[in-house]
Engineer: 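Just dropping this structure here.
Within every chain, numbering begins at 1; the chains are lettered A, B, ... in the order of the sequence lines, protein sequences first and strands thereafter.
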Amino acid sequence: MNPGKRRRFFYITVAAVVIMVVVFTLNSYIGARAGLRGLRADLDGMVALRAELQSLRDELVGVEGRSTVNVQGAVQAVDEVFMSLGLKKKIKSVKPAGTKQIKGGIEEEAEVQVEKATMNELVNIFYKIENAPAILVVKRANIKKTFENPELFNLTITISLIRTEGVGGGGKPPPPPL
Amino acid sequence: MAKTAFFDIAGKDGLLYVFDKKRLSEKTDFTFRDFKLDIRNMPGQIEEAYVSLPLGMLDFRVLELPLSDLKRVREVLPFELEGIILEGAENFVFDACILGAESGKNKALAVYIKKNILKKVLDEFRRFKVEPKAVCSIELRKILSTGAAELIINPPVLSGDERIRLAEQEMETAAVNLRRGEFAYSKDVERAGRSLKTGAVLLALILAVSFSDAVLRMVSMKKESEALKKQLISIYTESFPSEKPGEARGLLYKMKSHIKELEEKSLLYAGAHPLRVLLTLSRGKLNGVAFSEVTISGDLIVLKGEVPSLSDVEGIKKILEGYFSDVGISDAKKSASDKTAFTITLREKKP
């Protein structure tokens, strides 16, 4: 190869190497910048979600850990709540309102009618339901003043007993009452 | 101001014409004896220089060739003159000009000079830092303009003004230029080459600086990335201590997935919160309001009651708006006891 050709070949090789290095560096730089942007966005997202996560956990903290192992059904659960308060005689009726399969468990509803309860008794009933050992959820509550005595109230509540898979109680609904 | 110099060698003497913007600005005489240039004041800032040699320093041959292209003629000259020049064509520098056509054949005038003579001429001018762009002959130009090549043997005498005029024409386009082959003028090419080299060096410097900057930034970005990854893993581990975090980039997705699971669970237990509603209502300090019925279904609340007047209903609404959302009066009418019975709907605010 003559010197002229050799020199040209050398220059072409140097130019090619420089171009490759530039392209590679640019590529790496763009990749690193995109990666960093992604991580920053992820961090902002996680910080925002942390608050939401905590809020959800707070909501569920009273519920998870409760168990329906010793409860036959919604009616029995309601019975136990009122019995513990000594208010069984105030119950006008307890009607099972059906069982349905829900995502992650079984929901058993019951409608309870309570007559002539004081505000204090109502508060105790609601408190007991919220803190019952079983997972009881108030679906609907209607509080009405009695006609005879405005200090007393009639209460109609629809309560659900939730049996979840994995959170006590197993997946089988209880047998119907005899 | 850059000037053009034309060295008109006429035998042992000569005249230097200095042109400034194509106008003759200076005339200086010089001697050129035994290839030694002797000039009193060589002008400075010469951008371009030309040298005209006398006919006596050149050799000539008229050739008949089947070619009319000057470039092709120049190529074949050494071969055509090989047998004619005693000292060998390789010792000479050639140029040609087309004289014309006769009987279907083209006549060309070959002009040549010995390489060592041309070298001596060029070296002498280089001593004065002058690099002639062309080595031509104004006397030859005059002869060629008459069309009588035989005048080479007995050339006409040229006046001073005519010489200057011919010099100007030669500077435009030389009739013959003996700076060919190894003696070709390369200053322009060298200048371009130097500019290219300077450009290449500057470009290399810019690339080097940019490359260093990019590398430094990448190092800094990498450090920041590592710190961010650690933070991500720390937040995740804090939130889910029993779980192995894995790759930092996937943690946000994992967290969203956990939140979705919790939201689904939360929906399972979604219901009314009568205690919370009663507590919030009690905070409202709704004096003079007698609620007759409260219905709570999920987060929707319906309040029924009585107030002394319609404006009191608005008052209640305003108070309730501080504690609940979507507060609306769905009904307000005169009751049997001459008061205003109302129905207000509202929703619990999300905690």
Engineer: In Å, rounded to the nearest 0.5 Å, how long is the span from CZ of A:R50 to CD1 of B:I235?
Structural biologist: 4.5 Å
Engineer: Does B:K334 have more than 12 heavy atoms from other residues, nucleotides or ligands lying within 6.0 Å of its NZ?
Structural biologist: yes
Engineer: Looking at side-chain heavy atoms only, is the closest gap between A:R33 and B:R217 below 4.5 Å?
Structural biologist: no
Engineer: For A:E151, is the CD atom crowded, meaning more than 12 foreign heavy atoms sit under 6.0 Å from it?
Structural biologist: no
Engineer: Measuring heavy-atom distances to chain A, does B:Y236 have an atom under 4.5 Å in its side chain, in its backbone, in both, or in neither?
Structural biologist: both
Engineer: Should we count NZ of B:K317 as having more than 12 external heavy atoms under 6.0 Å?
Structural biologist: yes
Engineer: Relative to chain A, which of B:A272, B:A290, B:G271 shows the most heavy atom pairs under 4.5 Å?
Structural biologist: B:A272
Engineer: Less than 4.5 Å to any heavy atom of chain B: does that hold for the side chain of A:L56, its backbone, both, or neither?
Structural biologist: side chain
Engineer: What part of B:L279 gets closer than 4.5 Å to chain A, counting heavy atoms only: side chain, backbone, both or neither?
Structural biologist: neither
Engineer: Name the option with the most non-hydrogen atom pairs under 4.5 Å to chain B; the candidates are A:L49, A:V137, A:D42, A:V22.
Structural biologist: A:D42
Engineer: In this structure, are over 12 heavy atoms from other groups packed under 6.0 Å from B:K115 atom NZ?
Structural biologist: yes
Engineer: Going from CG on A:L53 to CD on B:E238, what distance comes out if it is rounded to the nearest 0.5 angstrom?
Structural biologist: 11.0 Å
Engineer: Nearest 0.5 Å, please: how far is CG in A:L122 from CG in B:L278?
Structural biologist: 7.5 Å
Engineer: Flag the one option from B:Q231, B:K256, B:M218, B:R249 with the top tally of heavy-atom pairs under 4.5 Å to chain A.
Structural biologist: B:R249
Engineer: Tell me the closest heavy-atom pair linking B:A214 and A:Y29, and the distance in Å.
Structural biologist: O-CD1, 4.1 Å
Engineer: Do you know which of A:R140, A:K145, A:M46, A:M119 has the most heavy-atom pairs under 4.5 Å to chain B?
Structural biologist: A:M46
Engineer: Mind listing the closest non-hydrogen atom pair of B:F211 and A:T25 along with its distance?
Structural biologist: CE1-OG1, 3.0 Å
Engineer: Looking at B:E247, I want to see if its CD is surrounded by more than 12 non-hydrogen atoms of other residues, nucleotides or ligands under 6.0 Å.
Structural biologist: no
Engineer: What is the distance from atom CD of B:E224 to atom CZ of A:R40, rounded to the nearest 0.5 Å?
Structural biologist: 4.0 Å
Engineer: Quick one: CG on A:L39 to NZ on B:K229, what's the gap to the nearest 0.5 Å?
Structural biologist: 6.0 Å
Engineer: Check each atom of A:S160 against the heavy atoms of chain B and say whether the ones under 4.5 Å are side chain, backbone, both or neither.
Structural biologist: neither
Engineer: Would you give the length of the straight line joining atom CG of A:D58 to atom OG of B:S266, rounded to the nearest 0.5 angstrom?
Structural biologist: 11.5 Å
